[in-house]
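Everything below concerns the one structure shown next.
Just so it is clear, the model here is predicted, and its values are computed rather than measured. The chains referred to below are lettered A, B, ... by the order of the sequence lines, with proteins before strands, and numbering in each begins at 1.
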There are 2 protein chains.
Amino acid sequence: MQKYSGQKRMLVATDCIIFGFDGWNIKLLLVQRGLEPEKHKWSLMGGFIQPSESPDDAANRVLELRTGLKNVYMEQFQVFGQPGRDPVERTLSIAYFALIDIHQYEKQLSEEYHPEWFLLDEMPDLIFDHVEMVRLAKRQLRYKAALHPILFQLLPEKFTIPQLQALYEGVYQTKFDDRNFSRKLLSTGLLVKQPEKDKLSSKKGAFYYKLDQSHYEENFESFLNLVPNPEKFF
Amino acid sequence: MQKYSGQKRMLVATDCIIFGFDGWNIKLLLVQRGLEPEKHKWSLMGGFIQPSESPDDAANRVLELRTGLKNVYMEQFQVFGQPGRDPVERTLSIAYFALIDIHQYEKQLSEEYHPEWFLLDEMPDLIFDHVEMVRLAKRQLRYKAALHPILFQLLPEKFTIPQLQALYEGVYQTKFDDRNFSRKLLSTGLLVKQPEKDKLSSKKGAFYYKLDQSHYEENFESFLNLVPNPEKFF
DNA sequence: GTAAATTCTTGTAAAATCGACACTAAATAA
DNA sequence: TTATTTAGTGTCGATTTTACAAGAATTTAC
């Protein structure tokens, strides 16, 4: 194999900010780092890109290895590459954020790395520049979710409108008008009403809905307006 | 220096899709590749990241080296990292797009690498996966410009509303209603009217405007609506 | 077993925004 | 002086958004 001479190679990793939603709060999945330096300190889930892998492959492999989950919504959002960010040696990190249904995860939990969920405002100190990664991932999540229906990925297959609203309110840390929210949501045509109600979280009970999958994929690019004045939140 | 053992290092480059606007059409600045393989074939402007540089530093250095331009609007938008994308050896590329005032460029042109401007639909074959990079950069440009006032970066300091409209029409390959466009634009409060008119491109002459720089920076995150039904164009 | 309480969902009306089209104004060319 | 071109403002109806009200389905309290 030919080589480009006189150039310095470097390690490249992926790190993934994994968001989950437990019905009340947004959470973040963290692990304790398994190797020196900073061993046992909390960290995002990451790993080095292998020779046969694309960055997306690597991010998916790491996610599956650590959580057992496949086919997760994941999006590359930024490269972190300050020369000194990893004190051991020059390492570039491609940051992803992933959205998973927290309950689906609990069943498939991989025990080996004992990951834990943290509330966003109870996050421990993280290694390297991971705090900054989380900050930008939150920002990116707010940005993207203001325009596109990605937050559905955090809910189970069947969910109620009040659940979805609680999720939006968690992401934007504010209250929305219930009446307008549900009407806007239904007018998108993304939801398919189910015959059953969820009777756990309220007296009256709210009907379950599913995503209209084909409609969802077709209209993923078009802009929603579930969040009034989204620029206020960036 | 400690090392992570058992991991494969790789080359990391930046490639930059440079957009310009000549008053009528959007153009792309390309160079002929200076090293084997594919020497002399057309290519985006790129270069390897050096040990002391962040990816942003590298992208700016390459841009200045090739065009003489500093302080250019530039945005990282995607990592390209398929294992076989560079046949010589594993190379990751962090893709940026840049927006420059084509006339300002012409004066500072660096002759060494004889770059050339190409119309988007008269683009030559490019090396590696650069055609795909350009495709995604165009898409990203349309996406971002539908929401945020980035296209101003392609115009000189003083410009007219019809010029700006021509630019938007070039990006989206469509006609907008002149009357609605200018009214929307003025209502953003981003523009400061100048006393002089541009008398070159029309009989009546259109007033020059400048960007209100502080207003521009403050409101960069808020969403515009200069492009009706933007989702149609993605 | 009835009334009160909770909360999900549909209604309504005012306000703001958007888009289609008309028209005026400024300058030049003939 | 008149015709021509084109920049920019006006108007109005349609649509969308927001704020606030009321109705409907349950469950709990007594």
Practice task
Take the protein atom CZ of B/F176 and the nucleotide atom P of D/dG8, then report the distance between them rounded to whole Å.
Solution key: 18 Å
Handout entry: Atom-to-atom span, CG of A/L226 to C1' of D/dT17 - whole angstrom
Key = 13 Å
Practice task
Starting from C1' on D/dT6, measure out to CD1 on B/I161 and report it in whole angstrom.
Solution key: 13 Å
Practice task
Inspect the contact between A/E132 and A/R85 and indicate whether a charged nitrogen and a carboxylate oxygen are less than 4.0 angstrom apart.
Solution key: no
Exercise for the section: Whole angstrom is fine here: how far is it from CZ in B/F181 over to C1' in D/dT9? Expected result: 16 Å
Practice task
Indicate, with yes or no, if the rings of B/F159 and B/F152 have centres closer together than 6.0 Å.
Solution key: yes
Practice task
Compare side-chain N and O positions of A/K199 against OP1 and OP2 of D/dT27 and report whether any pair is under 4.0 Å apart.
Solution key: yes
Problem - Check: D/dG10 base within 3.5 Å donor-acceptor of B/R183 side chain - result: yes
Exercise for the section: Quick one: label A/D177 by what it contacts on the DNA or RNA (base, sugar-phosphate, nothing), any heavy atom closer than 4.0 Å. Expected result: base
Exercise for the section: Please report the shortest heavy-atom distance between B/S182 and B/I161, naming the atom on each side. Expected result: CB-CG2, 3.6 Å
Exercise for the section: Ignoring backbone atoms, test whether B/K193 places a side-chain nitrogen or oxygen under 4.0 Å from the OP1 or OP2 oxygen of D/dG8. Expected result: no
Practice task
Tell me which of B/N180 and B/K197 sits closer to the 5' end of DNA chain C, going by the nucleotide each one is nearest to.
Solution key: B/N180
Fill in the blank from the handout: With the side chain defined as heavy atoms from C-beta on, B/K184 is closest, among C/dT9, C/dG19, C/dA27, to C/dG19
Practice task
Mind calculating the distance between CG (B/D198) and C1' (D/dG8) to the nearest angstrom?
Solution key: 15 Å
Fill in the blank from the handout: B/Y208 atom OH is separated from D/dA7 atom P, nearest whole Å, by 13 Å
Exercise for the section: Look at the side chain of B/P162 and decide which nucleotide, out of D/dG10, C/dA27, D/dG8, has an atom nearest to it. Expected result: D/dG8
Problem - A/L186 side chain, from C-beta outward: closest of C/dC8, C/dT10, D/dG8 - result: C/dT10
Exercise for the section: Classify the side chain of B/D178 versus the base of D/dA7 as yes if they form a donor-acceptor pair under 3.5 Å and no if they do not. Expected result: no
Practice task
Check the side chains of A/D198 and A/T160 for a donor-acceptor pair under 3.5 angstrom, ignoring hydrogens and angles.
Solution key: no
Problem - OP1 or OP2 of D/dT17 under 4.0 Å from side-chain N/O of A/N225 - result: yes
Handout entry: Distance under 6.0 Å and angle within 45° of ring axis: B/K197 vs B/F207
Key = yes
Completion exercise
Of C/dT9, C/dA26, D/dG8, the nucleotide closest to the side chain of B/A206 is D/dG8
Problem - No-H, no-angle donor-acceptor pair, B/R179 side chain to C/dA22 base, under 3.5 Å - result: yes
Handout entry: Atom pair distance, as rounded to whole Å: CD in A/Q163 and P in C/dC8
Key = 10 Å
Practice task
To the nearest Å, give me how far apart CG (A/L185) and P (D/dT17) are.
Solution key: 13 Å
